[in-house]
Amino acid sequence: MLKKIFLLSLLHWIIMPFNATAMDIVGPKECQECHEREYDVWKTTPHFKSYKKVHREKKAKTIIKALGEKSMKRNKECVLCHYTVIKNKPKAGPSCESCHGSASGWKEIHNDYGKNAAGERIKKADQEDPTHKAKRLKDAEAGGMIASRMVYDIASSCMRCHGLINPELSADTLKAMLDNEHPIEKDFEIVKYSQGKVRHRFVPPNINDNSKLEPAGLARLYIGGQMAAYAAAKSVEGKSTHPKFVENQQYRSKKAMKNLQQIEKTLPELSAFLKLPSSENAHKVVATMKDKDLSTAVSSLLPKESDYK
Amino acid sequence: MHHHLLFFKTFFKLLPGIALFFTINLLADDKDSGSAESTQSHQSLFLENKMPAASTCKACHPKHYQEWSISQHAYSQLSPVYHTFQAALNRLTNNTNGDFCIRCHTPVGMNIGEPLFMDNLKRHPTSQEGITCITCHRVDSRLGKISGRLPIIQGDITQPVYGPSGNKNLALALNNSDLKITTDANERGQKIHNKAEKFSFLSASGFCGTCHDVTLVNGFRLEEAFSEYKSSPAAKRGESCQDCHMGKTPGVASGYEVGPAAIVKGFKTPDRKLTDHRFVGPDYSVIHPGLFPHNPEMVEFIGGIENIHEWLSFNYKAGWGTDEFEEKLETEELTVKFPEVWDDPDYRIEAREFIDAQLQRLEEMAEARKSLLQLAYVLKEPELIQANSQGIKFKIAVQNGTDGHNVPTGFTGERQVWLQVEVKDADGKVIFESGDLDPNGDVRDLHSLYVHNDELELDKQLFSLQSKFITRNIRGGEREQILAINHSPDPLPFLRPDVRPTILTGRILGARIHKKSIEPNGHRWAEYAINAEQLSGKPPYSANIQLKAAMIPVNLVAAISAIGFDYDMSAQDVADGVLAGHQVLYKKELMIDMGNKGE
């Protein structure tokens, strides 16, 4: 049994490569300096608004009571998903770094386009030297940045909270949550959740437009999301015996497996991942998807735009 | 020819303001007709870009911002007294007073066509900031004594600003390729103004005179701070308004601090003269510390400027968020029905931390205010004239401590500076009082409601430096008025309403100010006489003399209260705030040795 727990927790670390801790979050204000438009979108999302609302929900109050605690902000486990913790203080709802990774290790790397021949700092992304760009992105990723194109990792960030996967959630807490109607979102799907209200794609060269993701990109994101859902649900097998938890996570993994199997015909690299849903295998799939247009293969699976959250 | 050009330049700068006045109602109607919410939010985004807020400037100018954030300039539009005062005057003048007050108090609001009267917290965020950064630093010409109505140059944060020293230091930051800044609104990076235009007039007293001299076409001079200064010894010596009011020690030409004017992403610009943007003055805040001092973190905490009013429901006076209060709740010694926003203890505790820090800052500012007023007034030693069985007489001089202008100056009709005198006998029994307060908190002058209602005696020996508005009555006589509008309750009221718009004249024909402030280097004696009947026969007697200062008399609050006050405040709340700011500047004791003086 102990061995099993050990292996499981090892798996968490493989699946969740960047486990955000309160220590190195810089906070959304820092991001706003350059990403004003993204910040403005965030302010209209349920993520932002939940800061002042979530603790007032009846469910929240009963869960806190069941845990014998006083408030969500003071509960270490609630804080994991519901707040952006800056210097040990929950300062906002889920924000930039909840999905893109704690930024203190990469903020100053990711925004440095380098200098031109005259030694002046380059301020526009399209003027950056391609070698510099490749190195910059690699360094930022090494520092913990989860860029949107890292579809598997970013979907894992979302799944960690939306699927009740966070490894720091104890079985006791899970029980109190599920006994008191905490959502487990068995049908959470990344395209549906990220391309509606949450969409903040102000990408160069049109940084003033919140552009829609093109079909090939949507397909990649969808597949990344399904892999994340599958791996996440698999990773918590045996973590809790709560029937609701077991049932919903089984539903999640079965559904994701079915969807991925359908795509497997067009994307055979998925086979290895389905056998062993490690992040290494997931990254291999993401790498092969890079220049592929899989929109036809997933078209029947994608959510309708009118259903976007 | 040159003069003509200057005239035209100024005229065209003022034109938008003049046109604005005539379109205010139009715009207000337009807004009421219910345009789509999305259009409005677009508009506000557009305007925020055109009128950058102080919180934007804060990023590189933290020192200037921090000082400004607690200044009266930052309070100018938030002040519920001013806000209601203006509305009261407009009500009494059939709205013909127009933008007379607000054109100085919120130049941003007036530049973007906001109504004269509306919920302050629904104004444009930069408009709520009153006399904000761009009020002075987005002006490029000498406008003269125009009594406000400044034409602000609009443009987003990347557009030029106007400063006293020009572009040299800014260029160092702009040319520093290590800094992740940009002057292009469409580039990523911290946005920064592309140029600092040199506008040396900003450092001249005349620039302050743009607002701080309210003189009107009919000869009515509401405020004369700048005019007083112009003929003062300080002006002769070449000292400017800024030298005393933006230097090291507020109220004294004491030189300037030196340091970087900006810290751009950690890069400090070279040291230069730094000015104090607190503008320490005689006013103080009476509003909830959730709204003032200006604090963007508290705006963020409450979820944005659109929720700023939620701070008003945080009952900090009841101790919300303090350990003591929260413990009482936990032990159920206390039950409180909280508004929804504040029903979580953690939000209250966090809010409390903000509020305590705000109160601490206000306390520090009160100390600075007191120091300034102590420089403005000198209370001399009291002198005994007579002390025998016929009675007691003594006098004391109050001297103007500065030679830059009168004291009080500015809105002398509001400023209350007075002597509170109490004479006691050997048993501690009070045998004489002057300058004591009625239950409303007013001195017992003709404006006291208690004196007016004959419930308290008029304080005939009162020493007060408050100037009074005098209005002409129907038979040609004059009377003191709290508001200089002759809405006299006489059976035959004098010209009501006035036949001309008072926006041009400030007051109706025949109104004047009876100015009582002390001229530069001048002094004034207060004399007190206690007659034989008032003596208790238990000497020795002693007099306690205090020089006290308040920003406004409470009776002004009463006079305008029919309008109501912003931020859900009652007239009592406002009066309490006014009284809480009363300060004792000096105290003197006089031992009265009977039989030594006089016959």
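Throughout, a chain's letter reflects where its sequence line sits, starting with A, and its residues are numbered from 1.
The greatest number of non-hydrogen atom pairs below 4.5 Å with chain A, out of B:Lys191, B:Glu300, B:Glu330, B:Glu340, is found for B:Glu340. Among the candidates B:Asp184, B:Asn176, B:Ile302, the residue making the largest number of heavy-atom pairs closer than 4.5 Å to chain A is B:Ile302. The most heavy-atom pairs under 4.5 Å with chain B, out of A:His35, A:Met72, A:Gln32, A:Lys43, come from A:His35. Residue with the most contacts toward chain B among A:Gly119, A:Ser71, A:Ala125: A:Ser71 (heavy-atom pairs, distance under 4.5 Å).
The cationic group of A:Lys52 does not satisfy the cation-pi geometry with B:Tyr347, failing either the under 6.0 Å distance to the six-membered ring centre or the 45° limit from the ring axis. Geometric assessment of A:Arg121 against the ring of A:Tyr113 yields a negative cation-pi assignment under the 6.0 Å and 45° thresholds.
Neither the backbone nor the side chain of B:Glu297 has a heavy atom closer than 4.5 Å to any heavy atom of chain A. With a 4.5 Å cut-off on non-hydrogen atoms, B:Ala59 does not touch chain A at all. Both the backbone and the side chain of A:Glu108 come within contact range of chain B, with heavy atoms under 4.5 Å apart. In this structure, chain B has no heavy atom under 4.5 Å from any part of A:Lys49. Only the side chain of A:Phe48 comes within less than 4.5 Å of a heavy atom of chain B; its backbone N, CA, C and O stay farther away. Contact annotation for A:Lys89: only side-chain heavy atoms (C-beta onward) come within less than 4.5 Å of a heavy atom of chain B.
Judged purely by distance below 3.5 Å, without hydrogens or angles, the side chains of A:Asn111 and B:Arg188 never pair a donor atom with an acceptor atom. A donor-acceptor contact closer than 3.5 angstrom links the side chains of A:Ser170 and A:Glu77.
Across A:Ala155 and A:Ile190, no two heavy atoms sit closer than the pair CA-CD1, 4.0 Å.
Using the six-membered ring where Trp is involved, B:Phe314 and B:Trp311 have ring planes that are perpendicular, over 60° apart on the 30 and 60° scheme.
Other residues, nucleotides and ligands contribute more than 12 heavy atoms inside 6.0 Å of the NZ atom of B:Lys265.
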